Amino acid sequence: MYEVQLDAFNGPLDLLLHLINEFEIDIYDIPMKELTQQYMQYIHAMKQLEINVASEYLLTASELLMIKSKMLLPDYHQDELVEEEDPREELVEKLIEYQNYKAYAVMLLEEQKERNLQYAKPPSDLSRYEKKEQITDNVTMDITDLIIAYQKLKSRVALKKTHPVKIQKETFTVQQSTKKIFKALENKNTITFFELFQFNEPIEYVVTHFLALLDMAKSGLVQLSQSEAFQNIEISKGVNYEYPIN
């Protein structure tokens with residue numbers, strides 16, 4: 001014995017929704033006489049074609065007949081303030097829920113079609129790039145490194161503090177700083193940035209020296225280099241270096 005899916009209906013609820021849409025029936029106010037008649041005609045057509053009618057179709061047919069019979073019974077509570085439940089209410093809830101499921105199924109099918117057009121790369125094994133650091137018990141630190149780290153941290157904290165700004169006339173110019181750098185390089189091929197200071201000068205003095213160095217490096221008078229980040233800047237004579245006469 002074979003089961004045949006007639007007109008692509010997936011169960012009795014699917015058939016009922018088809019009939020409601022076909023005959024433009026209001027799902028919230030179903031005329032049970034017309035709907036039951038159309039549904040039974042479908043069942044009879046299946047039997048005439050000797051198609052095996054699933055039990056769920058017959059069960060739904062009995063439920064439709066029961067609802068129809070309840071609506072034909074006289075209302076004995078017309079004069080009483082008793083609100084009778086609509087016998088169609090449970091059927092309407094089932095139909096709406098099934099209708100929502102069908103809509104969600106269509107949406108998921110579209111998402112699946114779109115996803116099938118995409119190709120994902122499988123995850124790669126990156127374990128060989130992991131750095132496994134082993135900490136030994138005998139770890140020592142030079143006191144000098146600790147002092148340097150403390151000074152760097154202290155300078156960073158100092159930079160975060162707000163300081164009052166005092167605007168005053170420039171007392172040390174870039175030209176004066178340039179002459180001093182030339183003087184320092186007169187008898188040496190290389191000096192360091194720190195050698196230009198005695199560490200008691202105002203911040204404007206340091207900034208002016210830095211600006212002068214940038215200008216001289218741009219003109220090829222000096223060459224600047226630094227072995228590592230935050231290390232002392234080395235100043236050497238550039239390709240266009242020429243000590244001024246005055």
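Remember, it's a predicted structure, so these values are computed and weren't measured experimentally.
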Drop me the distance from [X]'s [atom1] to [Y]'s [atom2], to the nearest 0.5 angstrom.
{"X": "Ile43", "Y": "Leu58", "atom1": "CD1", "atom2": "CG", "answer": "6.0 Å"}
{"X": "Thr36", "Y": "Gln38", "atom1": "OG1", "atom2": "CD", "answer": "10.0 Å"}
{"X": "Ile235", "Y": "Ser225", "atom1": "CD1", "atom2": "OG", "answer": "9.0 Å"}

Nearest heavy-atom neighbours spanning Lys237 and Glu186
NZ-O, 3.9 Å

Testing the basics here: between Ser219 and Asn240, what is the closest heavy-atom pair and its distance to 0.1 Å?
O-ND2, 3.0 Å

Could you check whether the rings of Phe193 and Phe210 sit parallel, tilted or perpendicular, using 30° and 60° as the cut-offs?
perpendicular

Run Leu185 and Tyr241 through side-chain contact (heavy atoms from CB on, under 4.5 Å) and show every step you take.
CA-CA 10 Å; Leu185 285 170; Tyr241 178 83; 3.9 Å; yes

Glu195 and Thr192: side-chain hydrogen bond (donor to acceptor under 3.5 Å, both in side chains), yes or no, with the steps?
CA-CA 5 Å; Glu195 292 180 26; Thr192 63; 3.2 Å; yes

Looking at [X] and [Y], would you say the former's side chain and the latter's main chain have a donor-acceptor pair under 3.5 Å?
{"X": "Asp215", "Y": "Leu211", "value": "no"}
{"X": "Tyr39", "Y": "Tyr57", "value": "yes"}
{"X": "Arg88", "Y": "Ile30", "value": "yes"}

If you take the centroid of each ring, where Trp contributes its six-membered ring, are His209 and Phe197 closer together than 6.0 Å?
yes

